[in-house]
Amino acid sequence: MWFSLFRSIDRFSLQNFKYVVNILRGIKVVDQHNKELVVDLLQSIVEIVTYGDKQDPMIFECFMECQVLAEFLRVLKISRNSRIEIPLLQYLSIMIQNLDSEHAIYYCFSNEYINNIIEHEFEFDRGDLAQYYVSFLRAVSSKLNRDTLCLLVKVNGDAVVSFPLYSEALKFAGHEEKMIQTAIRSLALSIYNVCDDMVYEYITTPPVSKYFSDLVLSLREQCLHLDVLFHASEDACTDQKRKQLFLHADKIVDDLYYLKDILNIGEHRLSRLVTENLLSLLVFPILYPLLQLRKNNVSNLSAVTSLYLVSRLLQVIGGKGMINSVAAVILYPYIKSSVQDAVKDSTAVNNFANSFPEHLNILENTLHLAPKYEEEESIGCPQKNIFVKRSGISALLFSENQNLLLASLFLLLIVAESKDLDCLLVPLIGLNAMHGVDENFFSRFMDQILNALVKVLASQAPFSALRKWHAGWFLRKLLIVRGKKLGDHNLQHFNTSYELSHQLLEKELDGCWFDHILDTLRNEWTNCRTVLEESFQYKDPYFMLELAVSKETTDDDTTTYSAWQMMVNAVKVFILHLQLKSYMLKGNVPEHLVPNKMLTPASGSGQIHASDVSSASFGSEVSLASGVPCRIAFSNAGIRDICVIPVATGISGRLLLTEKHPFRSQRGVVLAIAPLAGLSPKIDKVHPTWLHLRIREFDPKFASNKIKGAHANMSNHGTDGKWTLGFQNAQACETARLLILKETGKQRSNVESLLSPLLDSDWPENVLNGHDE
């Protein structure tokens, strides 16, 4: 910059500061010809003022005396397409952020200079100007306190009539840039945290208060979009659709946490406004049509999406008003008369006891119900007619849709376990007050709820192991309340379900992944225990969406990957039943039967012996004594004469393809290795000398390392490979097939012998050591 040549030797002197300011004052118009000069002047002023604020009070006195901020504003107004706005806002932000003295900050906020700059008509369609403008607003908000706040508002009498920092910032609340959205929310929270009564009144009064309703309406639009994504994933679940679904769900959660941050400020006007908007614009429109309380065109969300959203909202935001309002809606037909009776019989009625019947009357009017509850239909027995009009949560709770059952039960438990549940409602639906209360919702319907959960466990293929695990979590949770007891009828159903899981696992011993059953047992044993013992406080309602969009493998799918999924599901379901049964019997699985303890070094079942064949790897030399000569065509190497050697050692089994060593006739070099399990050797019907082998390409170890988190999927896998071996005659081909089957059978037998103690269906009844988990 040529201007720097004319600076005094001491850049930070008062003399140089006056010199720079005088040059700036001489600028009559800012255009492309002098833009660089003006930018250099602005930079110098900010540097000197920042220095003077800490080192030389005389500089800041000059800054005030010369009204330099007025010059900044003037530069904005005389700019002619010079794009001076960005550097000016940038240097102003730097100066404000680095001012330490209260005197300096107080002056900057005085005389309306900052407000005038904020209200300047910027052309935000130019590049990144909006980003720098918002950064400037954030810099101003970072210096807010009760003393400086009053300098940025315009007051008429006892009322605030204008607050440019807040009102201009809110214009960017819905900006497409996530960073700008986040900055505006941070700015708004800064203002809410330092507001006085007059500013709170301004913020919570129309039209300014429209910001909060816009927030909730925007959230509602996101909920509708989530439902669209949900239906798209439910109809045709793909990796991309699942990813979009859960990313959008995360975005909704972020917005809920922002609303929670506002509520946590603790200002009653803000809290009431946010809560009322959430209830009237989001929660009630979702719940009314869902619970058949009123036809409503605002929300056409699917039931699972609605339950997920309300559950997530209660988990994130909660609060007495929110919890009790949702409780009043979902249990309206059940609690109205009970609450009125409780109030009538109470000798010491607190304030909320007086207000709650009034709240129900308001709710009743909102729902357009008849004034006398006795004329309305109440909750009936779920086994008779569960879809009666205004049946509340029970219609969902006893739905034939398993996902709907689990989702509605989760919402009910959130309400029942909430510490914010009013004292009048606790004995009616609170889990802790269940015993000895005949009219408690859970006491009344516990057997039916448990029966519904046991039916989920007993559901047959195609089934979702994930759904059964969550059903098991609910079952264990309710059994804790119940005293770890199932009624005779439900216990009989559970035992039947346990036997089915036992048979399902035994069936997998004949499958193509039997060699991975023990590893899967070890891996999933701890996972299942973690799921069952998961705290309700940290239970993630994402499971509602994931269960509904998860793809269930069927027997029609013959790929080895699908077979692997079915094996894993069978193991998961068996472990779930095993752990639930031991829990109900107040016993632990014997230590020597826990999968992590089953394969000990002493057993030797998982070890590889010293035999050169069993321990061979790619490229190593092995003996050809037990091999069968054949030929194979490699795509890159043409037809090769090889020897096929199947070998099973303990629970390990492999098929080796070897080529004769060029100098050692009885030795061979390993060219390829495949697992014995899953080969499914078949002789070609047209060419009886050809033996077809299926090669599993999917690697479970790789998948288990790659796939983490609740939102991941396991569909990225290779297609099955195929080897075709050609033998000299049909007899040699059959000999090779039988040899492969023999070694595979040996391997399967070793796996089965290790698994047999765990498959002994009588052991749980004998484990009654009286020890609670």
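Just so it is clear, the structure is predicted and the values come from calculations on it, not from any experiment.
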Ignoring hydrogens and angles, tell me if any N or O in the side chain of [X] forms a donor-acceptor pair with the backbone of [Y] under 3.5 Å.
X	Y	result
Asn145	Thr148	yes
Asn34	Val29	yes
Arg185	Ile180	no
Asn115	Leu152	yes
Tyr133	Asp128	no
Ser79	Val75	no
Ser190	Ser141	no
Thr275	Ser271	yes
Glu267	Leu270	yes
Asn111	Tyr113	no

Are any of the side-chain heavy atoms of [X] and [Y] separated by less than 4.5 Å?
X	Y	answer
Leu282	Cys223	yes
Tyr258	Leu263	no
Ser418	Leu314	no
Val68	Val49	no
Lys171	Phe124	no
Arg25	Cys66	yes
Glu112	Lys154	yes
Val153	Tyr202	no

Ignoring hydrogens and geometry beyond distance, is a side-chain donor-acceptor pair present between [X] and [Y] at under 3.5 Å?
X	Y	result
Ser302	Asp227	yes
Glu85	Tyr132	no
Gln43	Glu47	yes

Neighbour count >12 (heavy atoms, 6.0 Å) for atom [atom1], [X]:
X	atom1	answer
His268	NE2	yes
Tyr106	OH	no
Glu119	CD	yes
Lys35	NZ	yes
Lys210	NZ	no
Glu121	CD	no

Exercise. Evaluate the ring planes of Tyr192 and Phe212, with Trp represented by its six-membered ring, and classify them as parallel (under 30°), tilted (30 to 60°) or perpendicular (over 60°).
Key: tilted
Exercise. Look at the aromatic rings of Phe12 and Tyr51 and report parallel, tilted or perpendicular, splitting at 30° and 60°.
Key: tilted
Which atoms form the tightest heavy-atom contact between [X] and [Y], and what is the distance?
X	Y	answer
Ile191	Phe163	CG2-CE2, 3.7 Å
Val194	Arg146	O-CG, 3.8 Å
Arg74	Ile27	NH1-O, 2.7 Å
Asp420	Lys320	O-CG, 3.5 Å
Phe122	Ile117	CE1-O, 3.2 Å
Ala183	Arg138	O-CD, 3.0 Å

I need the [X] [atom1] to [Y] [atom2] distance, nearest 0.5 Å.
X	Y	atom1	atom2	answer
Asn81	Arg83	CG	CZ	7.0 Å
Tyr166	Ile184	OH	CD1	11.0 Å
Ser213	Asn277	OG	CG	5.5 Å
Leu412	Leu307	CG	CG	10.5 Å
Ile114	Lys143	CD1	NZ	12.5 Å
Leu301	Ser306	CG	OG	4.0 Å

Self-check item: Phe17-Phe60 aromatic ring centre distance below 6.0 Å
Solution: no
Exercise. Would you confirm whether the ring centroid of Phe230 sits within less than 6.0 angstrom of the ring centroid of Tyr308?
Key: no
Practice problem: Decide side-chain contact (heavy atoms from CB on, under 4.5 Å) for Ser209 and Ile203; before the verdict, give the C-alpha distance in whole Å, the side-chain angles of both, and the deciding distance to 0.1 Å. | Solution: CA-CA 6 Å; Ser209 61; Ile203 287 172; over 6 Å; no
Quiz item: So among Asp255, Asp254, Asp540, which one has a salt bridge (Lys or Arg N to Asp or Glu O under 4.0 Å) with Arg312?
Solution: Asp540
Practice problem: Under the side-chain contact (heavy atoms from CB on, under 4.5 Å) rule, what do Ser233 and Gln244 come out as? Steps first, then yes or no, please. | Solution: CA-CA 9 Å; Ser233 299; Gln244 290 178 353; over 6 Å; no
Quiz item: Could you walk me through whether His120 and Asn116 pass the side-chain contact (heavy atoms from CB on, under 4.5 Å) check?
Solution: CA-CA 6 Å; His120 179 73; Asn116 288 333; over 6 Å; no
Practice problem: Starting from the C-alpha separation in whole Å, work towards a yes-or-no answer on side-chain contact (heavy atoms from CB on, under 4.5 Å) for Leu259 and Leu278. | Solution: CA-CA 9 Å; Leu259 292 169; Leu278 279 169; 3.8 Å; yes
Quiz prompt | Verdict with supporting geometry, Asp100 and Lys54, salt bridge (Lys or Arg N to Asp or Glu O under 4.0 Å) | solution = CA-CA 7 Å; Asp100 291 333; Lys54 299 176 175 61; 3.4 Å; yes
Practice problem: Tell me, please, which residues at least two apart from Asn156 pass side-chain contact (heavy atoms from CB on, under 4.5 Å). | Solution: Val161
Exercise. Begin with the C-alpha distance, continue with both residues' side-chain angles, and end with the deciding distance and a verdict on side chain to side chain donor-acceptor pair (under 3.5 Å) for Ser101 and Asp53.
Key: CA-CA 7 Å; Ser101 68; Asp53 179 58; 2.7 Å; yes
